[in-house]
J.: 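Before anything else, here's the structure in question.
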Amino acid sequence: MTVVLAGGRIAAVSAFGVSGVDGLVDVVLDEGRISAVQPAGTATDVGPVERIPLDGRWVVPGLWDQHVHFTQWAQTARRLDVSRAASAAEAAALVRERAVQERAAGASGASGDDVLVGFGFHDALWPDEPTRSLLDAATDRPVVLIAGDLHCSWLNSAAARRFAPGTTDAVLREDASFAVTSVLTAADDATLDRWAADAARAAATRGVVGIVDLEYGWNLDVWMRRMGAGGGRGGDGVGRNGGEGDAAGLRVEFGIYGEHLDRAAGLGLRTGAAIPGTGGLLTVGPFKVISDGSLNTRTALCSHAYPDGGHGVANLAPAELVERMRFAVDHGLEPAVHAIGDEANRRALDAFASIGAGGRIEHAQLIDPADVPRFARLGVTASVQPEHAMDDRDVADRLWQGRTDRAFPLADLHAAGARLAFGSDAPVAPLDPWAAIASAVGRTRDGREPWHPEQTIPADVALRASTRSTLSLGQPADLAVLDRDPLAASPDELRTMPVAATLLAGRVTHDALR
């Protein structure tokens, strides 16, 4: 069936490959692709046609979140929120309160598990230390609190005995923490898939049509199962009648980690290749390698010392990083290197230069000015999360004092010709591209003064960094319909952008038009 989005406006015309149109237009969709963009009212109906009136709303390509941990994001709403805790004692008090509530309700936890899991703490600015005794006093149940940056976790004694026997540390960092959090799947597959479907439906309400899922683990089987449950739909262009709400309401590129690199190579997986049986919605993503830590955990590898005298951590020696990246490239997998500190970014760029291939650097939060031009020169995408700049500004001012002019240098990267790809790193930040766009355009949130406003970028640049396609003929009909012009909106208005409809390959996955 042909679908006509009737009487809309094209936002950012020059940015999205549309020419020769002005004023109200009809966007014609056939077989899940854009077949025409023409003046409103000029389309001739041939065969069955479904018309969706837009009443002057704005049309943009569907949005992508290009760095998420989707299963963790799907679980986050069910976990104890400790993001507002201003101290370790306050976080422990939230644990105590939740434990009492669940005991009174006769429940052990969100899924019957006795482990109490919390998420979102930021201890870099806490006046006190997170200790086992604080959490032990809150409850005798196992407690694992995961930091907002995902790079450390705080355990009480009961949790340590179960998940990290032999360690005496209350706070586990990097690999030790990942080993704990990776087994905290608080539900069976069917429940997790249901939560993932909820998260996919919520993402569609924000105009999202695709994600790059960098969840830890072997994601191929997870997403084949989820898309099998949704029938692997996509590409049929069936308008409002195609069904919606399952996890197949997104395009997904799944990442591969080092422990699965040989397995992926043995299966012949190559970045960009579609997985059969998923309607073209599931494709192989990049090879993810974590080269350093994070800012809040003080493990991001930096050229200058933190206030405690450390420089962060290098999870791999330079030669090891090159070896893994070269193996991945030789097997058709694009490297995506997690690098936050300036020294980590320099080493990652050196590694890309050594292997003679491009790829992605995930986060790229602190960059030496001399390294900024190397992104474009080496063909390395800066896969960045602008909302982190708002989350981390106070911590950065303390831990990277005197160097924050080079933190999240979006304007510098853009001016140097680097390709920007925006994401959220959900659950570190909410899976909402409009938050990233707003932070990139305004460098502000919650009414505060802009933080290093010299690094703001124009709205059309931020929008392109949050999309994958254009509105050109033959492009996938992955679209978002907006109630507000994104190029005329303030940062606050961008953050709350009302999305009237979302279409994936011509199928409506979110509909607020009726």
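Just so you know, residue 1 is the first one in the sequence shown, and it goes up from there. Remember, predicted model here, so these are calculated numbers, not experimental data.
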J.: Going from CG on L366 to CH2 on W400, what distance comes out if it is rounded to the nearest 0.5 angstrom?
T.: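 L366 CG to W400 CH2: 4.5 Å, rounded to 0.5 Å.
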J.: Regarding E454 and H452, do their side chains bring together a donor and an acceptor under 3.5 Å, going by distance alone?
T.: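 Their side chains do contain a donor-acceptor pair, which is all the 3.5 Å distance test asks for.
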J.: How far apart are the C-alpha atoms of D371 and R374, what are their side-chain angles, what is the distance that settles it, and do they pass the salt bridge (Lys or Arg N to Asp or Glu O under 4.0 Å) test?
T.: CA-CA 5 Å; D371 286 325; R374 301 177 69 195; 3.0 Å; yes
J.: Given 3.5 Å as the limit, does a donor-acceptor pair link the side chain of D140 with the main chain of D136, or not?
T.: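 Side chain of D140 to backbone of D136, a donor-acceptor pair under 3.5 Å: no, none is there.
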J.: Hey, mind stepping through I367 and L413 against side-chain contact (heavy atoms from CB on, under 4.5 Å) and telling me if it holds?
T.: CA-CA 10 Å; I367 306 173; L413 286 164; 4.1 Å; yes
J.: Could I get the full list of side-chain contact (heavy atoms from CB on, under 4.5 Å) partners for E334, not counting sequence neighbours?
T.: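 Listed in chain order: T271, P286, R360.
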J.: Can you check whether S294's main-chain N or O pairs, donor with acceptor, with T297's side chain at less than 3.5 Å?
T.: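 No; zero donor-acceptor contacts below 3.5 Å.
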J.: Using 0.5 Å steps for rounding, measure from the CG atom of D342 to the OG atom of S303.
T.: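 One finds 3.5 Å between CG of D342 and OG of S303.
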J.: Let me confirm one number: the CZ-OH distance from R298 to Y306, rounded to the nearest 0.5 Å.
T.: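 Between atom CZ of R298 and atom OH of Y306 there are 9.0 Å.
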J.: Could you check whether any side-chain N or O of S439 sits under 3.5 Å from a backbone N or O of R443, counting only pairs where one atom can act as donor and the other as acceptor?
T.: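 Not at all, since once roles are kept as given, no pair shorter than 3.5 Å links the two residues.
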J.: To the nearest 0.5 Å, what is the distance between OG1 (T381) and CD (E362)?
T.: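 So the OG1 of T381 and the CD of E362 are separated by 9.0 Å.
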J.: Which pairs, with at least one residue in residues 163-183 and sequence neighbours excluded, count as a ring-ring contact (aromatic ring centres under 6.0 Å, His included)?
T.: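 Of all non-adjacent pairs touching residues 163-183, those that pass ring-ring contact (aromatic ring centres under 6.0 Å, His included) are H151-F178, F178-Y216.
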J.: Take a 6.0 Å sphere around CZ of R445 and say whether it holds more than 12 heavy atoms from other residues, nucleotides or ligands.
T.: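 Enclosed.
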J.: Answer yes or no: is there a donor N or O on one side and an acceptor on the other, between the side chain of R78 and the main chain of W195, under 3.5 Å?
T.: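 No, R78 side chain to W195 backbone: no donor-acceptor pair under 3.5 Å.
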J.: For L301, is there any backbone N or O sitting under 3.5 Å from a side-chain donor or acceptor partner on H311?
T.: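 Between the backbone of L301 and the side chain of H311 there is no qualifying donor-acceptor contact (under 3.5 Å).
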J.: Looking only at atom types and distance, does a side-chain atom of N156 sit under 3.5 Å from a main-chain N or O of V143, one as donor and one as acceptor?
T.: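 Answer holds: yes.
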J.: Between D397 and T404 (side chain of the first, backbone of the second, donor and acceptor by atom type, cut-off under 3.5 Å), is there such a pair?
T.: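 Such a contact is absent between D397 side chain and T404 backbone.
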J.: Please confirm whether the backbone N or O of S383 pairs with a side-chain atom of Q385, one donor and one acceptor, at under 3.5 Å?
T.: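 Yes: the side chain of Q385 pairs with the backbone of S383.
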J.: Measuring from L155:CG to L135:CG, what's the distance to the nearest 0.5 Å?
T.: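 Rounded to the nearest 0.5 Å, the CG-CG separation comes out at 8.5 Å.
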J.: Could you tell me if R495 sits above the aromatic ring of W434, with its cationic atom closer than 6.0 Å to the ring centre and no more than 45 degrees from the axis?
T.: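 Here R495 fails the 6.0 Å and 45° test against W434.
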J.: Is NZ or CZ of R263 both nearer than 6.0 Å to the six-membered ring centre of W218 and within 45° of the ring axis?
T.: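 Yes, R263 sits over the ring of W218.
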J.: May I ask you to decide if R406's main-chain N or O and Q455's side chain share a donor-acceptor pair within less than 3.5 Å?
T.: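 Here the side-chain-to-backbone pair does not exist.
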J.: Give a yes or no on whether the backbone of A462 and the side-chain of S466 come within a donor-acceptor separation of less than 3.5 Å.
T.: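 Yes.
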J.: Classify the angle between the aromatic ring planes of W223 and F70 as parallel (below 30°), tilted (30 to 60°) or perpendicular (above 60°).
T.: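 Rings of W223 and F70: tilted, 30 to 60°.
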J.: So, taking the atom named CZ in F287 and the one named CD1 in I256, what distance separates them when rounded to the nearest 0.5 Å?
T.: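 Interatomic distance, F287 CZ to I256 CD1, rounded to 0.5 Å: 9.0 Å.
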